[in-house]
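Chain letters run A, B, ... following the sequence lines, proteins first and then strands; every chain starts at 1.
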Amino acid sequence: MSTDNTKPSPTRNIPEELLSPYDPTATEEAIYTTWKESGFFNPDICIEKGIAEPDAPTFSMVLPPPNVTGVLHMGHAAMLAVEDILTRFERMRGKRTLWLPGSDHAAIATQSKVEKELQKKEKKNRHDLGREAFLERVHAFAQDSHDNIVDQIAKMGASVDWSREAFTLDEARGKAVNEAFIRMYNDGLIYRGYRVVNWDPKGQTTISDDEIVHEERQASVYTFRYGKDFPIPIATTRPETKVGDTAVAVHPDDARYSAFVGKEYDVTFCGVPLHIRIIADKDVDPEYGTGAVGVTPAHSMVDFAMKERHDLPMIQVINEYGKMDVGEPRLKGKKTTDAREEIVSWLKEENLLEKEEEITQNISTAERTGGIIEPLPKLQWFVNVNKEFPFQGHNIKGIAHGEIVTLKKLMHEVVENGQTTIMPERFAKTYNHWIDNLNDWCISRQIWYGHRIPVWYKKTEDGGDIHVGTEAPEGENWQQDPDTLDTWFSSGLWTFSTLGWPEETDDFNIYHPTTILETGYDIIFFWVARMILMTTYLIGDIPFKYVYLHGIVRDSQGRKMSKSLGNTMDPRDAITLYGADATRMSLIIGAAVGNDINLGEDKIRAQKKFANKIWNASRFVMTQCADFDASQETILTKSDTENLKELDGLVAEITNDIEHFRLYLAAEKLYHYFWHRFADVIIEESKARITDGTPEDKHAAQYILSTILTTTLKLLHPFMPFITEKIWSLMPGHTTLLIVEKWPKGT
RNA sequence: GGGCGGCUAGCUCAGUCAGGUUAGAGCGUCACAUUGACAUUGUGAAGGUCACAGGUUCAAUUCCUGUGUCGCCCACCA
């Protein structure tokens with residue numbers, strides 16, 4: 001430092017630390033440690049220390065548990081900022097405030113990540129290691145990610161109660177998962193069924209409908225007949241599946257084909273004998289293609305549904321590896337794409353192909369592995385969303401105890417009756433639409449990392465026994481189901497599994513239902529809907545009163561951040577360069593509920609300047625008020641009174657905005673007020689009064705400055721916790737922490 | 001195919017889901033000033049037919065209808 005000491009020093013009364021420009025990196029870690037050690041993140045300690053009354057209203061929220069697949073991105077940072085603002089606000093308002101952290105094992109995402117690494121580094125797959133050894137690897141990876149994530153959450157300043165931290169795959173959550181599964185099984189809401197499911201040949205597991213991503217591809221659609229004498233031509237994009245056809249469906253009113261309905265034909269299709277029945281089904285669109293559909297019950301969900309309606313046979317011709325599984329040597333063992341070519345050339349040879357056209361079609365791929373979904377018939381576990389059962393709870397408006405309901409009905413009801421409010425409102429429509437089109441949820445996965453299905457099988461002479469329970473029953477040879485549960489099954493329990501359920505705990509009684517769920521709109525189906533499903537059924541109550549959906553953080557041009565575009569921004573870098581406070585502010589300003597956030601570095605830099613402004617203004621006020629005597633009588637001028645009135649107005653507005661989740665507005669107003677009213681005008685005007693004014697005038701000016709500073713620091717604290725806490729600690733007479741100061745009230 | 005959202009200053013967005021004087025902010029740009037809280041500064045300026053077209057109204061960026069455009073979600077017309 002090259003500070004020369006020759007100048008008269010107006011700064012002699014301020015603490016050393018305030019002299020240099022604000023340096024977030026030097027401050028933040030120590031401040032976070034102070035908070036953590038104070039215990040104020042934990043509501044029990046707040047009550048113990050008199051910060052919150054024992055009977056104060058509660059504010060509770062779970063942290064959407066980040067996946068233990070790596071590090072946090074800007075979207076997480078935005079989420080943490082919003083949630084921490086709400087938490088700090090309510091804590092300062094004296095509520096019993098709980099923000100409960102944790103992480104998600106993210107079954108398939110984590111496993112496939114570890115598998116990829118294993119393949120890349122050691123050229124091994126999970127079977128080379130075996131279940132136990134492989135799981136050890138996954139656990140080590142998950143632990144590592146977890147530690148990183150915890151560190152990042154702290155760096156953002158999140159005031160989560162670490163003493164209650166949970167993990168979706170820990171022992172306590174395992175109990176909740178088993179309890180939920182067993183109850184649902186006993187009520188007939190979970191069943192095992194042989195159905196066509198979404199099979200991911202790459203990940204070698206089933207996945208749910210929601211884990212499918214549609215991708216547009218060019219494809220050929222072929223119009224042909226099974227044989228020369230077959231009366232009806234059909235069209236398909238997947239000729240290779242046609243060796244599994246057992247019917248041709250036409251519309252009941254289609255005059256062209258009505259004469260054939262009910263007839264049966266035997267043909268040999270590319271060497272494979274087929275027995276085809278002509279059926280009439282209203283699901284067939286007579287306008288499309290030839291108006292006739294080849295029905296392949298084993299390899300198409302719609303066709304499977306037709307099979308159920310018309311009692312057709314089902315022949316599986318493709319196996320789990322996406323290879324043909326039929327006797328004909330031309331096809332057997334071939335990949336589906338190769339088999340397709342074989343069949344097309346066979347059709348040409350036989351002169352059966354009538355037309356070939358190019359179309360764009362949507363192809364189903366697996367979200368995590370990118371594998372192309374192969375619909376296959378498999379014996380799997382499902383949650384039945386349409387099954388009727390008597391409602392066991394008491395806390396859902398409009399539904400009486402014992403009333404016959406379905407899971408769909410419960411999910412609809414709590415949003416419709418206003419018990420749970422989805423924000424922004426438009427997403428309630430999306431939510432309802434999703435429920436209306438919801439099919440049974442396939443919850444079993446053929447992967448190793450996750451909650452093992454609590455079901456036991458035993459082979460017997462006349463088939464087998466099944467037992468649903470946490471432990472194997474008495475007797476020999478019981479084998480647990482090798483499959484694990486969809487990761488969202490355990491996250492669906494998150495609002496209450498984290499509070500000790502199924503035990504009757506104080507935490508559960510006090511903090512459930514939670515006040516608000518803040519999460520990204522991209523997981524409204526995966527998670528929000530599943531939580532509502534699980535909670536309404538298992539608890540007979542809502543999981544949360546409000547759902548605050550935030551958008552996606554994009555780059556400054558509105559593009560999605562992605563590694564391939566090279567426009568990603570690591571929150572850790574942003575924090576290092578500009579500080580956590582600036583990073584938080586940049587993610588809040590301009591981010592209305594449900595809107596995507598365009599974030600450029602400029603925006604963060606601007607907020608760092610703001611932090612510096614706060615720092616310097618505070619330093620100035622402290623200097624000027626060093627000789628302020630609070631015991632002296634204050635005579636305010638008219639403009640002083642107006643300034644205080646304006647401050648009161650600000651307090652009221654900020655309070656109102658946060659209460660209504662308009663954080664972006666509150667942040668902008670604070671920014672504007674502090675900089676352009678307080679610093680630019682009020683402080684400027686005070687300068688002359690303090691240097692040249694009468695003692696009374698000087699005193700009044702000092703009173704105004706310190707009052708405004710004190711109040712604005714409180715208002716700013718939820719948004720910029722580190723710098724405000726730091727300044728607070730440097731102000732004379734402050735021995736307590738700003739984090740638990742009382743939120744200001746307008747007069 | 002169904003549904004949803006955006007379109008306001010060069011860029012990113014506000015405009016508080018109850019229409020009304022010169023439509024706001026940040027960043028950027030330009031000019032000037034200042035080293036006595038802060039050059040991470042101050043003052044000032046330029047810059048907008050509020051996508052377009054109809055309609056309702058005394059009055060529309062704001063309400064209604066339609067069009068265009070960009071984007072998103074859902075959906076196995078084989």
Go through [options] for me and flag the one nearest to the [X] side chain.
{"X": "A/Thr236", "options": "B/rU16, B/rA78, B/rG26", "value": "B/rA78"}
{"X": "A/Trp675", "options": "B/rG42, B/rA78, B/rC73", "value": "B/rG42"}
{"X": "A/Asn362", "options": "B/rA78, B/rG5, B/rA75", "value": "B/rA75"}
{"X": "A/Asp285", "options": "B/rA37, B/rA78, B/rC74", "value": "B/rA78"}
{"X": "A/Lys687", "options": "B/rC4, B/rA14, B/rC38", "value": "B/rC38"}
{"X": "A/Tyr671", "options": "B/rA14, B/rC27, B/rC77", "value": "B/rC27"}
{"X": "A/Asn616", "options": "B/rA14, B/rA37, B/rU16", "value": "B/rA37"}
{"X": "A/Phe620", "options": "B/rA37, B/rU16, B/rU40", "value": "B/rA37"}
{"X": "A/Glu684", "options": "B/rA37, B/rC27, B/rA78", "value": "B/rA37"}

| query | CG of A/Leu713 to CD1 of A/Ile708: how many Å apart, nearest 0.5 Å? | reply |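 The CD1 atom of A/Ile708 is 11.5 Å from CG of A/Leu713, to the nearest 0.5 Å.
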Identify whether any heavy atom of [X] sits under 4.0 Å from a base atom; if not, whether one sits that close to sugar-phosphate; answer base, sugar-phosphate or nothing.
{"X": "A/Ala679", "value": "base"}
{"X": "A/Ile683", "value": "base"}
{"X": "A/Ser364", "value": "nothing"}
{"X": "A/Glu653", "value": "nothing"}
{"X": "A/His299", "value": "nothing"}
{"X": "A/Asp680", "value": "sugar-phosphate"}

| Less than 4.0 Å between a side-chain N and a carboxylate O, is that true for A/Asp200 and A/Arg368? |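 No salt bridge links A/Arg368 with A/Asp200.
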What does [N] pair with, Watson-Crick or G-U, if both distances are under 3.5 Å?
{"N": "B/rC58", "value": "B/rG20"}
{"N": "B/rU49", "value": "none"}
{"N": "B/rA37", "value": "none"}
{"N": "B/rU69", "value": "B/rG6"}

Would you indicate, yes or no, if [N] has its OP1 or OP2 atom less than 4.0 angstrom from a side-chain nitrogen or oxygen of [X]?
{"X": "A/Tyr664", "N": "B/rG15", "answer": "yes"}
{"X": "A/His433", "N": "B/rC4", "answer": "no"}
{"X": "A/Asn595", "N": "B/rC13", "answer": "no"}

| task | Can you sort out which residues in residues 206-227 of chain A have a heavy atom within less than 4.0 Å of RNA chain B? Ascending by number, please. | result |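 A/His214 - these, ordered by number, are the residues of the stretch whose heavy atoms sit under 4.0 Å from the strand.
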I'd like to know if [X] reaches the base of [N] with its side chain, counting only an N/O donor and acceptor under 3.5 Å.
{"X": "A/Lys603", "N": "B/rC27", "result": "no"}
{"X": "A/Gln361", "N": "B/rA78", "result": "no"}
{"X": "A/Lys609", "N": "B/rA39", "result": "no"}

| request: Examine A/Lys687 relative to A/Phe620 and say whether NZ or CZ is less than 6.0 Å from the centre of the six-membered ring and inside a 45° cone about the ring axis. | output: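 Yes, a cation-pi geometry.
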| message | Classify the ring geometry of A/Trp675 against A/Tyr671: parallel below 30°, tilted from 30° to 60°, perpendicular beyond 60°. | response |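 Geometry flag for A/Tyr671 against A/Trp675: tilted rings.
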| request: Hey, can you tell me if A/Tyr226 and A/Phe224 have their rings parallel, tilted or perpendicular (30° and 60° cut-offs)? | output: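 Perpendicular: the ring planes of A/Tyr226 and A/Phe224 meet at over 60°.
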| request: Report yes if some heavy atom in the side chain of A/Tyr22 is under 4.5 Å from a heavy atom in the side chain of A/Ile614; otherwise report no. | output: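 The answer is no, as the side chains (C-beta and beyond) never meet within the 4.5 Å cut-off.
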| query | Under 6.0 Å between ring centres, would you say that holds for A/Tyr546 and A/Phe661? | reply |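 Yes - the distance between ring centres of A/Tyr546 and A/Phe661 falls below the 6.0 Å cut-off.
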Show which side-chain atoms of residues 521-529 of chain A pair as donor or acceptor with protein atoms under 3.5 Å away, not counting sequence neighbours.
from: A/Tyr521; atom 1: OH; to: A/Asp596; atom 2: OD1; distance (Å): 2.8
from: A/Tyr521; atom 1: OH; to: A/Asp596; atom 2: OD2; distance (Å): 3.3
from: A/Trp527; atom 1: NE1; to: A/Ser491; atom 2: O; distance (Å): 2.9

